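Presented below is the structure to which this report refers.
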Number of protein chains: 2
Amino acid sequence: MTQTYGPLLETLDLTYPQYLVMLVLWKTDDLSVKEIGQQLKLDSGTLSPLLKKMQAKGLLQKVRLDSDERSVAVGLTAQGQALKKQAEKVPLVMACNLNLKEKDFVELRDKVQALSAQLEKLNA
Amino acid sequence: MTQTYGPLLETLDLTYPQYLVMLVLWKTDDLSVKEIGQQLKLDSGTLSPLLKKMQAKGLLQKVRLDSDERSVAVGLTAQGQALKKQAEKVPLVMACNLNLKEKDFVELRDKVQALSAQLEKLNA
DNA sequence: CAAATATAGATTGTATACAACTTAATTTTA
DNA sequence: TAAAATTAAGTTGTATACAATCTATATTTG
């Protein structure tokens, strides 16, 4: 899957995990590292270096919260927001590539999510 | 998934990718690195260090082939073969953990394999 | 047959994952 | 309220993945 996304994301200078972070932030800006981690099921050990690289690329910035100085708000820069337009075609191209009928896609997604939920319950 | 396998494989002193290699060799011993890679869809960049660690643990040995000195045959040691018995319960415990009906399991597996085949075609 | 090409593994460099630990800050609780 | 327990990020160490490259060997071609 990563390989298939590859050529598409290369033009955006994003890796696949970086793209996932961008998807989360394009939908809801200014989330804490923890909130991003909950949505992507990644912990700070993965996200901290990932976000650091993305910050270095100028895609986002991090601000320590006044309300809770343990938390860090991750927000998109103008450049990060601008990239959204460039990335709009990605899901469509991938959907086309995968050659799945809407119905099959939804079924597969739901089955994987159910399995994921079961695994989370076991690992809790 | 790796987390759920974790406790089971820990008793065998195997990581999940290492367990996958053992499954392949328990089924068919003495395969080349390339053949193992084809079955697991892993390249030598991943397998070489993985196999080296497993060799260091005494699970397998590598022999350069006389018939083609580019190839290396990977074979289980007595210890590697003996581990098969210890690992027999793993699939059953996992099947139980996943809480999937036979029918749902087969459907999910087949859908994922179909998607994987489509991706391979695209990435070819 | 000799040069060009291809192949199998190993190595190098980059990018995740994640457990375990550390630090700083916030809650809980005795 | 002061000590204990929790929590959010970040750091460290280990283990994959995989592209690109390297080396040695084998196969193909002109």
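These numbers come from a predicted model, not from an experiment. Every chain is numbered from 1, with letters handed out A, B, ... down the list of sequences.
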Near-strand residues of residues 9-34 of chain A, defined as heavy-atom separation under 4.0 angstrom from DNA chain C: T15(A), P17(A), Q18(A)
Identify every side-chain donor-acceptor pair in residues 8-15 of chain B under 3.5 Å, counting partners at least two apart or on other chains, and give the distances.
unit_1: T11(B); atom_1: OG1; unit_2: L8(B); atom_2: O; d: 2.8
unit_1: T15(B); atom_1: OG1; unit_2: Q18(B); atom_2: N; d: 3.3

Side chain proximity check, L122(B) to Q118(B), heavy atoms < 4.5 angstrom: yes
Residues which pass side chain to side chain contact (heavy atoms under 4.5 Å, CB included) with D110(A), listed by chain and number, not counting sequence neighbours: V106(A), Q113(A)
Position toward the 5' end of DNA chain C (nearest nucleotide), D68(A) or K53(A): K53(A)
Nucleotide interval of DNA chain C bounded by contacts with chain A (heavy-atom cut-off, under 4.0 Å): dA15(C) to dT26(C)
Partner set under salt bridge (Lys or Arg N to Asp or Glu O under 4.0 Å) for K85(A), not counting sequence neighbours: none
CG on L40(B) to CG on L23(B), rounded to 0.5 Å: 8.5 Å
Close approaches to DNA chain C from residues 41-50 of chain B, in residue order (heavy atom, under 4.0 Å): S44(B), G45(B), S48(B)
Heavy atoms from other residues, nucleotides or ligands near NZ of K89(A) exceed 12 (cutoff 6.0 Å): yes
Residues that D68(B) engages under salt bridge (Lys or Arg N to Asp or Glu O under 4.0 Å), provided they are two or more places apart: R70(B)
L98(B) and M1(B), any side-chain heavy atoms less than 4.5 Å apart: yes
Aromatic ring pairing Y19(A)/Y5(A), orientation class (parallel under 30°, perpendicular over 60°, tilted between): tilted
Flag, side chain of T77(A) to backbone of G58(A), donor-acceptor distance under 3.5 Å: yes
Residue-level proximity of residues 57-64 of chain A to DNA chain C when a heavy atom falls under 4.0 Å: none
Side-chain touch Q79(B)/K57(B), heavy atoms, less than 4.5 angstrom: no
Length of the line joining R70(B):CZ and dA26(D):P, which is rounded to integer Å: 6 Å
For F105(B), all residues meeting ring pair (Phe, Tyr, Trp, His ring centres under 6.0 Å), sequence neighbours excluded: none
Interatomic distance, L65(B) CG vs dT25(D) P [rounded to whole Å]: 13 Å
Contacts of K27(B) that satisfy salt bridge (Lys or Arg N to Asp or Glu O under 4.0 Å) - sequence neighbours left out: none
Sequence-distant partners of E107(A), salt bridge (Lys or Arg N to Asp or Glu O under 4.0 Å), two or more places apart: K103(A), K111(B)
Under 3.5 Å: donor-acceptor pair, side chain of S32(B), backbone of A73(B): no
d(CD, E69(A); C1', dA9(D)) in whole Å: 13 Å
Global bending angle along the helix from dC1(C)-dG30(D) to dA30(C)-dT1(D), which compares the axes of five pairs at either end, to 10 degrees: 20°
